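Notes follow once the structure below has been shown.
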There are 2 protein chains.
Amino acid sequence: MTVTSSEPTGLRERKKARMRRDLIDAAIRLFHERGFEGTTTEEIAAAVDVSQRTFFRYFASKEDVVLEAAEGVDQSLFDSLRERPADEAPFRALRNAMRDHWEYLEREDLHLQGSAVNLIARSPELIDTNMRYYHRRQARLADALAERAGVDPTTDHRPSLVASVFFAALSNGHQIWCASGCEDLGLLLVHILEQLDLVPQAVGDGWGTPDA
Amino acid sequence: MTVTSSEPTGLRERKKARMRRDLIDAAIRLFHERGFEGTTTEEIAAAVDVSQRTFFRYFASKEDVVLEAAEGVDQSLFDSLRERPADEAPFRALRNAMRDHWEYLEREDLHLQGSAVNLIARSPELIDTNMRYYHRRQARLADALAERAGVDPTTDHRPSLVASVFFAALSNGHQIWCASGCEDLGLLLVHILEQLDLVPQAVGDGWGTPDA
DNA sequence: AGAGATTATGTCAGCCGCTGACACTTCGCA
DNA sequence: TGCGAAGTGTCAGCGGCTGACATAATCTCT
């Protein structure tokens with residue numbers, strides 16, 4: 001009962017979880033090899049020796065597989081957020097959590113989720129897809145922020161606002177990174193942090209880093 | 001040669017523009033009646049007495065029709081932005097342009113673009129779609145901001161950041177409005193402006209409007 | 001005005017994402 | 001061991017979307 005406390009009990013549950021993971025792994029791998037559009041759901045299913053129908057019993061859509069991976073990454077970000085000192089202002093805490101979270105990713109497991117980040121980051125077609133799911137990711141982040149601040153996210157809309165602005169800056173940093181070749185993954189964090197740090201001045205009376 | 005200076009010269013051009021408009025109009029109307037998902041591209045095409053294939057020669061996708069309408073609205077926002085005093089800070093100018101733009105919409109033509117706004121605003125399924133195109137809309141807005149500030153949008157990323165944060169707040173205001181029933185369209189502006197005004201404090205050391 | 005080049009349209013066939021329905025197998029539990 | 005529940009495969013089908021080809025409409029030039 002050490003780590004296995006959250007493990008599924010029955011064989012059925014384990015099989016299901018395994019299938020889910022297998023499908024995600026196969027999908028991510030195929031997406032890498034042939035691109036997102038260049039991979040059919042049948043191919044993904046075939047790679048795990050199941051029918052296409054089964055694939056769609058596990059995922060609502062092809063895009064969903066990617067989202068699934070993204071949410072895994074987000075979860076780790078939320079963990080980092082929880083560990084930030086409570087007196088840190090929300091947006092700043094989020095920024096620092098992002099930094100911590102990144103360091104964690106680089107240290108621990110670039111295998112599973114890291115490759116997902118990698119994939120999402122590098123394929124332009126998935127950026128739009130990702131965008132589409134910002135709503136969902138944003139909602140989760142808003143909940144995390146609300147929990148941290150001890151407010152009710154259904155009546156207090158500030159967490160949601162911070163979350164959406166955060167993703168906006170994130171997406172922007174990502175775009176900049178892509179525009180500059182999508183090479184060094186470490187550089188991605190630099191761009192993201194830069195954009196996050198620019199936000200306060202950009203929405204203020206100034207314009208961010210002045211030209212002079 | 002008064003207003004017709006920008007009008008297409010040939011019959012062909014005029015027909016094409018007309019077809020485009022007819023398709024948009026029919027689509028928007030059908031979307032209203034049966035919803036976005038509930039309307040097939042064949043039905044849209046049939047409503048204008050053309051083949052489905054022709055529809056897809058005018059629009060890359062079904063979603064594209066909606067985007068087209070949205071861009072029309074954005075264009076009017078950009079016009080309002082250009083008319084803001086030059087010494088106004090970018091984000092503030094954008095906020096005020098939004099207000100001006102809205103008033104303009106309410107005065108002038110709620111017929112065409114207004115119904116597009118209405119449609120996009122009211123159908124939850126289109127919010128995701130809309131999200132997907134925020135990239136494109138954001139890029140245009142960034143260009144408008146860059147032009148206003150006299151900077152190069154390809155090297156200076158601040159306009160893009162302001163644009164994305166703007167859309168983030170916009171989307172947030174929209175969500176709040178939807179959550180509260182999607183009734184009064186005028187209320188939508190109130191929510192949007194509220195969210196826009198909250199941004200500076202939300203990303204600062206505070207938390208926006210304090211509880212006390 | 002008429003011939004020839006361009007361009008728009010219709011038709012057809014087909015891929016792919018996605019879904020409902022039904023039969024069959026596998027697993028859980030008594 | 002046997003029964004209900006849950007997972008899977010198969011099949012048929014819809015709808016978005018595209019390429020290819022033939023036809024019809026427009027443009028251009030003489």
Side-chain angles (χ1 to χ4, degrees), chain A residues 7-24 26-28 30-31 33-69 123 125-126 128-133 136, chain B residues 7-24 26-28 30-31 33-69 123 125-126 128-133 136:
Chain A
E7 291 293 312
T9 51
L11 169 60
R12 212 166 219 154
E13 304 292 322
R14 262 180 287 133
K15 262 191 163 180
K16 226 165 77 174
R18 191 172 191 288
M19 173 74 83
R20 196 173 195 80
R21 282 196 36 175
D22 286 352
L23 281 171
I24 293 182
I28 297 285
L30 287 172
F31 290 164
E33 290 174 16
R34 323 179 188 178
F36 182 75
E37 302 289 343
T39 306
T40 70
T41 56
E42 259 164 358
E43 287 169 341
I44 300 173
V48 205
D49 264 309
V50 292
S51 70
Q52 186 205 30
R53 194 65 185 83
T54 294
F55 172 88
F56 281 109
R57 285 198 177 97
Y58 280 85
F59 302 98
S61 66
K62 196 166 79 165
E63 301 178 341
D64 232 43
V65 185
V66 182
L67 175 65
E68 203 83 7
S123 55
E125 28 187 7
L126 281 183
D128 283 346
T129 299
N130 224 18
M131 255 283 169
R132 190 164 202 162
Y133 285 116
R136 208 182 294 181
Chain B
E7 291 293 312
T9 51
L11 168 60
R12 211 168 223 154
E13 305 290 323
R14 260 180 290 132
K15 262 192 162 179
K16 227 164 75 173
R18 191 171 189 287
M19 173 74 81
R20 195 174 196 80
R21 283 196 35 176
D22 286 351
L23 281 171
I24 292 181
I28 297 284
L30 286 173
F31 290 162
E33 290 175 16
R34 322 179 188 180
F36 181 76
E37 302 289 343
T39 306
T40 69
T41 56
E42 259 164 358
E43 287 169 341
I44 300 172
V48 205
D49 263 308
V50 292
S51 70
Q52 187 205 28
R53 193 66 184 83
T54 294
F55 173 88
F56 280 110
R57 286 200 176 95
Y58 280 86
F59 302 98
S61 67
K62 197 167 78 164
E63 300 179 341
D64 233 43
V65 185
V66 182
L67 175 65
E68 203 83 7
S123 55
E125 28 187 6
L126 281 184
D128 283 346
T129 298
N130 224 16
M131 255 282 165
R132 191 165 202 161
Y133 286 115
R136 207 183 294 183

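To find a chain, count down the sequence lines: A is the first, B the second, and so on, and within it residues start at 1. As the structure is a computational prediction, the values presented were derived from the model and not from experiment.
Counting heavy atoms of neighbouring residues, nucleotides and ligands inside a 6.0 Å radius, atom CZ of Arg20(B) exceeds 12 of them.
When the P atom of dA8(C) is taken as reference, atom CZ of Arg14(B) falls 15 Å away, rounded to whole Å. Rounded to a whole Å, the CG atom of Asp49(B) is 18 Å from the P atom of dA24(D). Phe55(B) has its CZ atom 9 Å from the P atom of dG16(D), to the nearest Å. Rounded to an integer number of Å, the gap from CD of Glu13(B) to P of dT7(C) is 10 Å. Counting to the nearest Å, the C1' atom of dC16(C) and the CZ atom of Arg34(A) are 15 Å from each other. When the P atom of dC17(D) is taken as reference, atom CD1 of Ile44(B) falls 10 Å away, rounded to whole Å. Between Glu37(B) atom CD and dC18(C) atom P the separation is 11 Å, expressed in whole Å. When the C1' atom of dA8(C) is taken as reference, atom CZ of Arg20(B) falls 14 Å away, rounded to whole Å.
Applying the side-chain contact (heavy atoms from CB on, under 4.5 Å) test between Ile44(B) and each of Val50(B), Leu30(B), Ile24(B) identifies Leu30(B) as the sole match.
Remark: Arg57(B) CZ to Leu23(B) CG distance equals 12.5 Å, nearest 0.5 Å. Taking CZ from Arg14(B) and CE from Met19(B), the interatomic distance works out to 14.5 Å, rounded to the nearest 0.5 Å. Rounding to the nearest 0.5 angstrom, the gap separating the CD atom in Glu68(B) from the CZ atom in Arg21(B) is 12.5 Å. Annotation: the span from Thr40(B) atom OG1 to Arg34(B) atom CZ amounts to 7.5 Å, rounded to 0.5 Å.
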I'd like a list of close polar pairs between nucleotides 11-15 of chain D and the protein, N/O only, cut-off under 3.5 Å.
none

Contacts under 3.5 Å, N or O only, protein and nucleotides 1-4 of chain D:
none

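Nearest nucleotide to the side chain of Phe56(A), out of dT26(C), dA20(D), dG17(C): dG17(C). Distances were taken from every side-chain heavy atom of Arg57(A) (C-beta onward) to each of dA8(C), dA21(C), dC27(C); the shortest belongs to dA21(C).
No side-chain heavy atom of Phe59(A) sits under 4.5 Å from any side-chain heavy atom of Thr41(A). No side-chain heavy atom of Glu63(A) sits less than 4.5 Å from a side-chain heavy atom of Leu67(A). Residues Val48(B) and Phe55(B) have side chains not in contact (no heavy-atom distance under 4.5 Å, counting atoms from C-beta outward).
Listed pair Lys15(B) / dA8(C) fails the phosphate criterion, with no side-chain N or O lying under 4.0 Å from OP1 or OP2. Close to dT8(D), at under 4.0 Å from its OP1 or OP2, lies a side-chain N or O of Tyr58(A). Within the 4.0 Å cut-off from OP1 or OP2 of dT9(C), not a single side-chain nitrogen or oxygen of Ser51(B) is found.
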